[in-house]
Q: 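First, the structure itself, so that you have it in front of you.
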Amino acid sequence: MAFLELEALDKSFGATPVVRRFDLAIEKGEFVSLLGPSGCGKTTVLRMVAGFETPSSGAIRIDGRDVTGLRPNQRNIGMVFQAYALFPNLTVSQNIAFGLRVKRVGRAEREARVAEMLSLVGLAEFGGRYPFQLSGGQQQRVALARALAVEPQVLLLDEPLSALDAKIRVSLRDQIREIQRRLGITTIFVTHDQEEALSLSDRVVVMSEGVAQQVGPPFEIYSRPATRFVAEFVGRLNVIDAVAGEAGDGVLRTGDVEIALGRPVPPGPVTLAMRPEVIGVGRADGRDLVFRGRIEDVHFLGSVIRIETRLGSAPLFLDTFNRPDRPPPALGEIGEFSVAASDVMVLGPGGSAVKVR
Amino acid sequence: MRARVWSWAALAVGIIYFALPLIGTVEFSLRKRRGEYSFDAYRWVFEDPRFRETFSYSVVMALFTIAVGILIVVPTAYWVRMRYPRLRPLVEFITLLPLVIPPIVIVFGYIRLFNTSSVLPLTGTATGTNVLLMMGYATLSLPYMYRAVDTGLRAIDVRTLTEAAQSLGAGWGTILGRVILPNVLVAVLSGAFLTFAIVIGEFVMAALLNRPAFGPYLQLIGANRAYEPAALAVIAFAITWFCMGLIQLATHLSPHSRARRS
Ligand SMILES: Nc1ncnc2c1ncn2[C@@H]1O[C@H](COP(=O)(O)OP(=O)(O)OP(=O)(O)O)[C@@H](O)[C@H]1O
Ligand SMILES: [Mg+2]
């Protein structure tokens, strides 16, 4: 049995359903991200786990104990908020000690714990400062220390990095992950930044309109998206409309180009999808689908070169690594590109489910 | 240029309007001794035992009023902000009522409701009447107290701070006492000092409930003596200004409140 179980959670505000049939089982020590566009219900799920919202139906269990009816202060959950939620009237040390005082932990133990937390988040020198004397990143580290000080069973993070600038965001997210690993604390991390979710998580939950579209490790989410929404939301994707021939033998047409996938595809209109990085310039072993296209634009991004071309009439992006011995292709040239048939995803009509491989 | 002249003129008129009576009062209060300025009137006031008695009575009443006011207003304003924002207009209206209902009406209502033949005969004992008077004072200070606290609450993120405290295991008492109150303390203090000033000068309620407060004493002296009322008025002014100064000081001294202003 999983450590944290969300079972068939539903939540409506008035008549508007915000979270629908949300199931999730999280193992002890796992780091799970909720990823999705703004307004898809990520925060609402998190707030239900924390106890700030009551589910319309469904159950939440922590370590086998049903906490659905418990108030937030009875749940033993640590939470870090998006906005700086430090108590402005308390120093950093007092902020971290807050939960311990509430629990009536003795003074000596409390001070030891605060010192331990301060050094855990790398702010040993800052105990006597007030929140307004800290940078945004430091404030969020204090918020993390404060949440962890009471040794919660579950740690909830609601976009803790979104108010910070890009550089600190990256270093702090790695720090959060490292601390999470060291303490082995079960964590749910909410973000709408896919890079954050993919790089940090053991598993990612991609959400759309209150529904969990896919739950899986980052590699699986990216490489084998379960729905068209996931495929388009996570990473960049080339989408090409095509028509599968009557024979159902995997020969498709888009414009005047013919593609032979070499696997059965039911006849009728289909959507093909390819990640930009599975397409290569020139021919190569294993990349059995070859096509030609005019190079319409070239973006030199440093380690990666992004080329815009066309397959039939559909625009197509491809990413190749920059190599010093091979300069980027020139604009207007007709280039030869290739892709492995197995890397071409076939999305069903209407964009519902994707049949992969 | 014309506008400039007019604004200076307006300012001058304002200053004269406020300062002249004050200067006159101060000057008059110093003239008790014939032919020279002296503090005789002040000495008389400070030596009068009734001054000390009534003033300390009013100070104690003011402190109780402030305590009760905080206990009523802070949780109310907090709940309205957190849970019942739709009740805000109603609550604001109620807190404004003391400004439109004359104290004399309020106190007559009290006397009718709580007289010796009522269910709760508060006016029967001195302590009961003191409690009644204090409640009356709390009512009078409600508009100022509520507004001050509500403004203070607006400056902090009440909901997030509450939720952060809750997730750390805190109950309502802890949240109000250790998170909300300290963060609106400056606002509460400014409400408290206004309350103080109101209570010290209040006449109608204290007189009609027949309590030995400072206001009726002020009136008594004013009716019977020449220079001493002026001295008392100056003292009352000084106390009020001292309170204002304390508000400023409190605002500047609280360490965390500096962040919001800079
Ligand atoms: N208290 C509330 N009352 C009514 N509607 C609400 C309430 N809280 C959230 N909603 C609605 O529920 C939906 C989901 O909100 P939620 O905050 O969970 O989204 P989110 O995925 O966290 O979005 P974001 O990335 O913008 O934070 C939104 O449409 C929002 O308007
Ligand atoms: Mg959110």
Q: Any side-chain to backbone donor/acceptor pair from A/N73 onto B/Q166? Under 3.5 Å, distance only.
A: no
Q: To the nearest 0.5 Å, what is the distance between CG on B/L168 and CZ on A/F87?
A: 5.5 Å
Q: Please indicate whether B/W241 has more than 12 foreign heavy atoms, meaning atoms of other residues, nucleotides or ligands, lying under 6.0 Å from its CH2.
A: no
Q: Select one option (side chain, backbone, both, neither) describing which atoms of A/R146 are under 4.5 Å from chain B's heavy atoms.
A: both
Q: What are the two closest non-hydrogen atoms of B/G169 and A/V102, and how far apart are they?
A: O-CG1, 3.3 Å
Q: Which side-chain N or O atoms in residues 71-78 of chain B pair as donor and acceptor under 3.5 Å with protein atoms at least two apart or in another chain?
A:
from: B/T76; atom 1: OG1; to: B/I72; atom 2: O; distance (Å): 2.5
from: B/Y78; atom 1: OH; to: B/T162; atom 2: OG1; distance (Å): 2.9

Q: Check whether A/L86 gets within reach of chain B through its side chain, its backbone, both or neither, counting any heavy atom under 4.5 Å.
A: backbone
Q: Looking at A/R71, A/Q82, A/R47, which one has more heavy-atom pairs under 4.5 Å with chain B than the rest?
A: A/R47
Q: Within a reach of under 6.0 Å around CZ of B/F64, are more than 12 heavy atoms found that belong to other residues, nucleotides or ligands?
A: no
Q: Atom CG in A/L90, atom CZ in B/R178: separation rounded to 0.5 Å?
A: 6.0 Å
Q: Under a 4.5 Å heavy-atom cut-off, does chain B meet the side chain of A/A85, its backbone, both or neither?
A: both
Q: Should we count CZ of A/F13 as having more than 12 external heavy atoms under 6.0 Å?
A: yes
Q: Of the non-hydrogen atoms in B/V179 and A/N89, which two are nearest, and what is the gap between them?
A: O-OD1, 4.5 Å
